[in-house]
Protein chains: 2
Amino acid sequence: MLTNSAKYAMKAVLFLALNTNENNKMMVKDIYERINVPQSYLAKLLQELSKHNIVSSSRGPKGGFYLDDKNKSIRLIKIVDIIDGEQRLRSCMLSLKECDNENPCALHRLVGDANSSFIKNLEETTIESLIADVRDGKSILPL
Amino acid sequence: MLTNSAKYAMKAVLFLALNTNENNKMMVKDIYERINVPQSYLAKLLQELSKHNIVSSSRGPKGGFYLDDKNKSIRLIKIVDIIDGEQRLRSCMLSLKECDNENPCALHRLVGDANSSFIKNLEETTIESLIADVRDGKSILPL
DNA sequence: TCGCAAATATGACGAATATCATATTCTAAC
DNA sequence: GTTAGAATATGATATTCGTCATATTTGCGA
């Protein structure tokens, strides 16, 4: 479904959304313990996200990563697609070319409904709306 | 979510359910092309399923694999658990110990609902009921 | 402008999954 | 019983994912 990388990436983006902005950057070494992701691994992921303009960064003293306010409207699916590739999440459970909703394979409904509602959620949910839930105490941000 | 192995295993069991019985066995070399699974890989999976008494087998001339009628009441979850292990499907999306329905992590509902309904489906669905759908033309058996 | 602190680029290694190949064991049929 | 045909056991290899380490580049601050 999702790789660890995608999960870590989402954690990291959420963390940045809650704890940083353009004037308040954070370095990898101050983040990784708080979200429980290996340091070098996190670095690599953030670099990838930065390359795709999901998160922002600046080098040198006082540098670090941060999430620009503009980017808070980004939808979760984008993070997943960048890190995992677009295929992974969307391939038919039995990996059949012929299988779709019109002509469902024997296992399609079993999985398909659950999976496509999950994808829809990722497509609809913005970073913004998720952190609102955390701020309101509706959910916790995992460490 | 599911490994390829688990998917292949389900395909294989469904195929056996539709095409074999105690008096009508099939060999790996006559199955693998029809369900599009590498021959040796399929052999290994069927051996594993056989060891756990999901499918039946006999060696020697006129031997092969088959699905005993008794085993058609087996639920899909059992196949998945044997092949993938019980953990894989059930771990929290962000792999947090602290995260559950009472205290959901920020992404929990997003994923959790889809995933647990999927698990429930696997727990409720028997091989029997799936092949009934195929027989009734409600779904196709994938190649 | 110089040095240092940060991200960035690169790649090596480990572990799990996916795949392939082969020697061995059992068993039905002659 | 002998033989041949099948599963079974075992393990070698490939590929992808996860992790770690290090050299390089960039830009702030003195």
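So that the names make sense, note that chain A is the first sequence line, chain B the second, and so on, each numbered from 1.
The OH-P distance, from A/Y66 to C/dA7, rounds to 12 Å in whole Å. Rounded to an integer number of Å, the gap from CE of A/M26 to C1' of C/dA5 is 16 Å. For the pair B/D30 CG and D/dA7 C1', the interatomic distance rounds to 14 Å; values are reported in whole Å. Look at CD on A/Q87: it is 16 Å from C1' on D/dT16, rounded to the nearest Å. If you take CG of A/L45 and C1' of C/dT10, they are 16 Å apart, rounded to a whole angstrom. One can place CG of B/L42 at 14 Å from C1' of D/dT8, the figure rounded to the nearest angstrom. The interatomic distance linking A/K51 (NZ) with D/dT25 (P) rounds to 16 Å, in whole Å. Between the P atom of C/dT27 and the NZ atom of B/K25 lies a distance of 11 Å, rounded to the nearest Å.
Nucleotides of DNA chain D nearest to B/Q47 and B/P61 differ in position, and the one nearer the 5' end is that of B/P61. Nearest-nucleotide assignment on DNA chain D puts the 5′-proximal partner with A/Q39, out of A/K62 and A/Q39. A residue-by-residue look at A/M27 and B/S58 shows that A/M27 has its nearest nucleotide of DNA chain C further toward the 5' end.
At the phosphate of C/dA7, neither OP1 nor OP2 sits under 4.0 Å from any side-chain N or O atom of A/S50. A sub-4.0 Å separation between OP1 or OP2 of C/dT24 and a side-chain N or O of B/R59 is absent. Between C/dA18 and B/N4, a contact under 4.0 Å exists linking OP1 or OP2 to a side-chain N or O. Under 4.0 angstrom from either OP1 or OP2 of D/dC17 there lies no side-chain N or O belonging to A/S5. In this model, the phosphate group of C/dA6 is approached by a side-chain N or O of A/K29 to a distance below 4.0 Å at OP1 or OP2.
By the 4.0 Å N-to-carboxylate-O rule, A/D69 lies close enough to A/K72 to be salt-bridged with it.
Of the candidates C/dT19, C/dA7, D/dG29, the closest approach to any side-chain atom of B/Y8 belongs to C/dT19. Relative to the side chain of A/K44, the nucleotides C/dG11, C/dC20, C/dA18 differ in distance, and C/dG11 lies closest. Of the candidates C/dT19, C/dA6, C/dA18, C/dA18 carries the atom nearest the B/T3 side chain, counting heavy atoms from C-beta on. Side-chain proximity of B/F65 to the nucleotides D/dT8, C/dA6, D/dG18 is greatest for D/dT8.
A donor-acceptor distance shorter than 3.5 angstrom exists from the side chain of B/T125 to the backbone of B/N121, with no hydrogens or angles considered. Remark: side-chain polar atoms of B/D84 are not paired, donor with acceptor, to backbone N or O of B/L2 under 3.5 angstrom.
Here the shortest heavy-atom pairing between B/I131 and B/A17 reads CG2-CB, 3.8 Å.
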Requested in this report: Determine, stepwise, if the pair B/L14 / B/L130 fulfils side-chain contact (heavy atoms from CB on, under 4.5 Å).
Outcome: CA-CA 8 Å; B/L14 289 183; B/L130 264 193; 3.9 Å; yes
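Around the CD atom of B/E22, the shell of radius 6.0 Å holds no more than 12 heavy atoms that belong to other residues, nucleotides or ligands.
Across all strands shown, B/S40 has heavy atoms under 4.0 Å from base atoms, whether or not it also approaches the sugar-phosphate.
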